[in-house]
There are 2 protein chains.
Amino acid sequence: MAERTAQRVTSADVARVAGVSRATVSYVLNDTPGQTISPTTRTRVLDAAARLGYAPSAAARALRTGRSDVVLCLLPDWPIGPEVGSMLGNLSTALARHGFTFVVHPGNREDRPISEIWKAITPAAVIAFADFSPGEITAMRAAGVALVVALLGRGPQDRRELEMPQQLIGRRQAGHLIAAGHRKIGYAWPDDERVRIFAEPRLAGVRAECRESRVGGPASETVALDAEQATIAVRRWHAAGVTAVCAYNDEVALAVLAGVRLLGIDGPAVIGVDDIPAARLAVPALTTVTTDQAAVAAYLSATVVAAINEHPAPTLPAEALVHVIKRESA
Amino acid sequence: MAERTAQRVTSADVARVAGVSRATVSYVLNDTPGQTISPTTRTRVLDAAARLGYAPSAAARALRTGRSDVVLCLLPDWPIGPEVGSMLGNLSTALARHGFTFVVHPGNREDRPISEIWKAITPAAVIAFADFSPGEITAMRAAGVALVVALLGRGPQDRRELEMPQQLIGRRQAGHLIAAGHRKIGYAWPDDERVRIFAEPRLAGVRAECRESRVGGPASETVALDAEQATIAVRRWHAAGVTAVCAYNDEVALAVLAGVRLLGIDGPAVIGVDDIPAARLAVPALTTVTTDQAAVAAYLSATVVAAINEHPAPTLPAEALVHVIKRESA
DNA sequence: CTGTTAGCGCGTTCAG
DNA sequence: CTGAACGCGCTAACAG
């Protein structure tokens with residue numbers, strides 16, 4: 001009995017079974033424009049491929065075409081929550097519809113230079129949350145990466161596709177509080193340097209909204225995720241006459257609420273970001289702001305696809321992107 | 001002025017600059033055993049490679065060797081929290097130390113057959129949370145994927161590396177409550193079919209611990225993430241004489257606490273899983289159980305590396321893996 | 001020892 | 001619709 005060495009099925013196998021050349025197999029399977037293949041042959045090839053379970057080697061294709069259908073996303077090393085998680089899931093779905101395979105690299109950037117990563121993947125595009133260095137961008141371009149997107153960051157030379165949505169979050173928070181009659185706003189800044197990249201545009205949004213409404217600009221206090229420590233910030237706001245606080249996210253908001261409770265005062269109104277499950281279970285139930293992650297994902301997907309095909313970039317449907325969920329805390 | 005077409009640097013370029021053959025370049029760069037290269041030549045090659053910024057084409061290498069250094073992790077479509085996120089980060093770090101590139105695919109399995117994904121990546125190993133079908137496993141093996149691991153699942157033929165830690169979580173929860181004197185335990189089951197794969201082994205752990213301690217086995221109630229709805233379960237437990245509840249995770253635990261608060265009763269003790277930030281901020285502060293994600297990641301990494309090198313698999317240091325964080329709720 | 005030549009792996013694509 | 005070459009790195013066989 002022969003050994004059942006499970007060999008990879010190649011286009012040569014398909015060609016042999018179908019009784020045609022490898023070139024023909026390629027033309028049929030790719031629907032190559034400008035090549036006319038008789039229906040009979042086409043069927044034979046398709047049948048053979050199906051019967052053999054043929055799967056083209058991604059490596060060979062990437063080698064030949066110089067580009068893969070993989071879109072790589074580099075995650076920063078801060079803890080990602082379910083919100084980002086669901087956005088990535090949506091993005092994956094959206095890109096899949098355009099024939100791209102979406103993968104995420106969760107490693108700390110310090111582990112190994114990011115060049116190691118895209119070298120191992122040969123992606124069509126790279127998406128990152130933080131900035132790239134100019135050298136990195138050059139190197140990637142040279143290696144055939146079609147598109148490099150930095151979602152957030154400071155470099156003026158970069159595209160920052162997520163900057164707007166983040167600012168919008170701050171604006172909506174402040175707008176909600178101001179509409180409720182508050183005239184002195186506080187900002188609860190996260191006690192984690194790593195999320196600064198998100199916190200900055202959010203605070204900028206709050207600031208802009210306050211300025212435009214001529215409301216006492218945000219009094220920013222750093223708030224750790226600890227009731228005891230949060231009391232310090234709460235006391236300061238209290239002394240400064242702040243009546244409402246925009247928090248970086250729901251967790252920080254919960255910390256503020258915990259601080260208020262600990263002090264036993266009739267604290268400031270609080271509004272969070274994300275609508276984590278714990279938000280609606282808190283006392284008082286937390287008013288918060290959510291982003292339509294599916295819409296963001298669709299926008300990012302469209303951006304990537306457009307750039308790879310050298311089409312103009314789509315515009316962000318900014319208005320409908322962020323919603324306030326009104327509960328008891330503000 | 002010539003066009004500055006940023007061409008990819010290939011080993012041929014390095015060979016030309018160094019004045020040697022491509023084979024020599026390969027030998028030097030890979031430290032090929034059994035080949036002795038003079039220090040002079042070696043330096044010349046290394047220098048040239050460095051100067052040109054040479055990066056071997058992963059595609060070509062994968063094509064030639066039939067294997068890439070990528071380890072692919074397929075995520076299920078349930079929301080992943082920071083805990084899993086940090087585990088993936090640790091796993092990435094650990095695998096990087098062994099020369100592997102770790103990527104995660106966050107897409108829903110319904111989007112496209114998973115075969116599309118590993119075909120596009122040609123990974124050395126695939127890790128998934130749920131089971132693979134036998135057909136999938138065969139296909140992957142045939143395509144050269146060295147290792148296929150299902151972390152959780154039911155197929156007896158699969159490796160289930162994470163089942164133990166999950167059961168351990170349940171055991172620790174129940175053990176803590178029993179040690180505190182409780183004699184009738186409840187279980188708060190999540191209202192999300194997708195996490196069943198985690199919930200089942202955890203509940204099994206609780207059940208086992210109860211049985212061994214001859215304690216009133218877990219009275220399981222489904223608890224939605226809503227205070228109002230949680231009261232139903234709390235009432236039932238109350239009527240049944242349950243004095244302490246193990247929750248599927250911290251969020252479910254918070255829902256139980258919210259239900260208790262709403263009823264205004266002197267509710268059961270509650271213990272969660274994960275230690276999310278909101279746990280310590282709750283009233284009462286939530287007692288919970290955490291898993292040492294770094295240890296799990298190290299173990300998984302070792303498993304993957306061992307399997308790829310066809311070494312025996314390591315054993316899981318089960319004992320030190322799960323810790324109780326005692327707060328006020330239990 | 002030191003290094004070279006040659007051919008493979010597999011899908012794509014141009015000239016026939 | 002086919003033959004043949006190509007993209008790039010690896011490695012067996014071989015010459016100095």
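In the text below, chain A, chain B and the rest are named by the order of the sequence lines, each starting its count at 1.
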A.B. asks: Taking the nucleotide of DNA chain C with the nearest heavy atom to each, does Thr65(A) or Gly34(B) sit closer to the 5' end?
C.D. replies: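 Between the two, 5'-proximity favours Gly34(B).
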
A.B. asks: Within less than 4.0 Å of OP1 or OP2 of dG11(C), is there a side-chain N or O belonging to Tyr27(A)?
C.D. replies: no

A.B. asks: Hey, does the side chain of Thr32(B) reach the backbone of Gln35(B) with a donor-acceptor pair shorter than 3.5 angstrom?
C.D. replies: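 Answer holds: no.
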
A.B. asks: Under 4.0 angstrom, heavy atoms only, what part of the nucleic acid is Val20(B) near: base, sugar-phosphate, or nothing?
C.D. replies: sugar-phosphate

A.B. asks: If you compare every side-chain N and O of Arg61(A) against the phosphate oxygens of dT12(C) (OP1, OP2), does one of them come in below 4.0 Å?
C.D. replies: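 For dT12(C), OP1 or OP2 has a side-chain N or O of Arg61(A) closer than 4.0 Å.
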
A.B. asks: Are Pro314(B) and Thr303(B) close enough that some pair of their side-chain heavy atoms sits under 4.5 Å apart?
C.D. replies: yes

A.B. asks: dC8(D) P sits how many Å from Leu52(B) CG, rounded?
C.D. replies: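 Value for this atom pair: 14 Å.
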
A.B. asks: Quick one: does Arg64(B) reach the base of dG9(C) with a side-chain donor-acceptor pair under 3.5 Å?
C.D. replies: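 Under the 3.5 Å cut-off, the side chain and the base do not form any donor-acceptor pair.
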
A.B. asks: Figure out the CD/P separation between Gln35(A) and dG3(D), and round it to whole Å.
C.D. replies: 14 Å

A.B. asks: For Asn30(A) and dG11(C), is the shortest distance between a side-chain N/O and OP1 or OP2 below 4.0 Å?
C.D. replies: no

A.B. asks: Arg16(B) CZ to dG3(C) C1': how many Å, rounded?
C.D. replies: 18 Å

A.B. asks: Give Ser38(B) one of three labels, base, sugar-phosphate or nothing, depending on what nucleic acid heavy atoms sit under 4.0 Å from its own.
C.D. replies: sugar-phosphate

A.B. asks: Tell me whether the OP1 or OP2 atom of dC8(D) has a side-chain N or O from Ser11(B) closer than 4.0 Å.
C.D. replies: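 For dC8(D), neither OP1 nor OP2 has a side-chain N or O of Ser11(B) closer than 4.0 Å.
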
A.B. asks: Classify Ile37(B) by what it touches in the nucleic acid, base, sugar-phosphate, or nothing, heavy-atom distance under 4.0 Å.
C.D. replies: sugar-phosphate

A.B. asks: Given atom CG of Asp31(A) and atom P of dG11(C), what is their separation to the nearest angstrom?
C.D. replies: 17 Å

A.B. asks: Looking at every strand, decide which applies to Leu29(A) at a 4.0 Å heavy-atom threshold: base, sugar-phosphate, or nothing.
C.D. replies: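 No contact at all - Leu29(A) keeps every heavy atom at 4.0 Å or more from the nucleic acid.
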
A.B. asks: Which residue, Val104(B), Val103(B), Val70(B), forms the side chain to side chain contact (heavy atoms under 4.5 Å, CB included) with Val103(A)?
C.D. replies: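 The passing option is Val103(B).
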
A.B. asks: How do Ala23(B) and Ala60(B) order along DNA chain D: which one's closest nucleotide is nearer the 5' end?
C.D. replies: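 Here Ala60(B) is the residue nearer the 5' end.
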
A.B. asks: Do Pro56(A) and Leu29(A) come close enough that some side-chain heavy atom pair is under 4.5 Å?
C.D. replies: no

A.B. asks: Salt-bridged, Arg16(A) to Asp13(A), with N to O below 4.0 Å?
C.D. replies: yes

A.B. asks: What nucleotide among dT12(C), dT2(D), dG3(C) has an atom nearest to a side-chain atom of Arg22(A)?
C.D. replies: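 The nucleotide sitting nearest to the side chain is dT12(C).
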
A.B. asks: Out of dT2(D), dT11(D), dG9(C), which has the shortest distance to the side chain of Leu63(A)?
C.D. replies: dG9(C)

A.B. asks: Please confirm whether the shortest side-chain N or O distance from Ser57(A) to OP1 or OP2 of dC10(C) is below 4.0 Å.
C.D. replies: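 Checking Ser57(A) against dC10(C): no side-chain N or O falls below 4.0 Å of OP1 or OP2.
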
A.B. asks: Is Thr10(B) close enough to dC8(D) that one of its side-chain N or O atoms is under 4.0 Å from OP1 or OP2 there?
C.D. replies: no

A.B. asks: Thr24(B) side chain N/O closer than 4.0 Å to the phosphate oxygens (OP1, OP2) of dT4(C)?
C.D. replies: yes

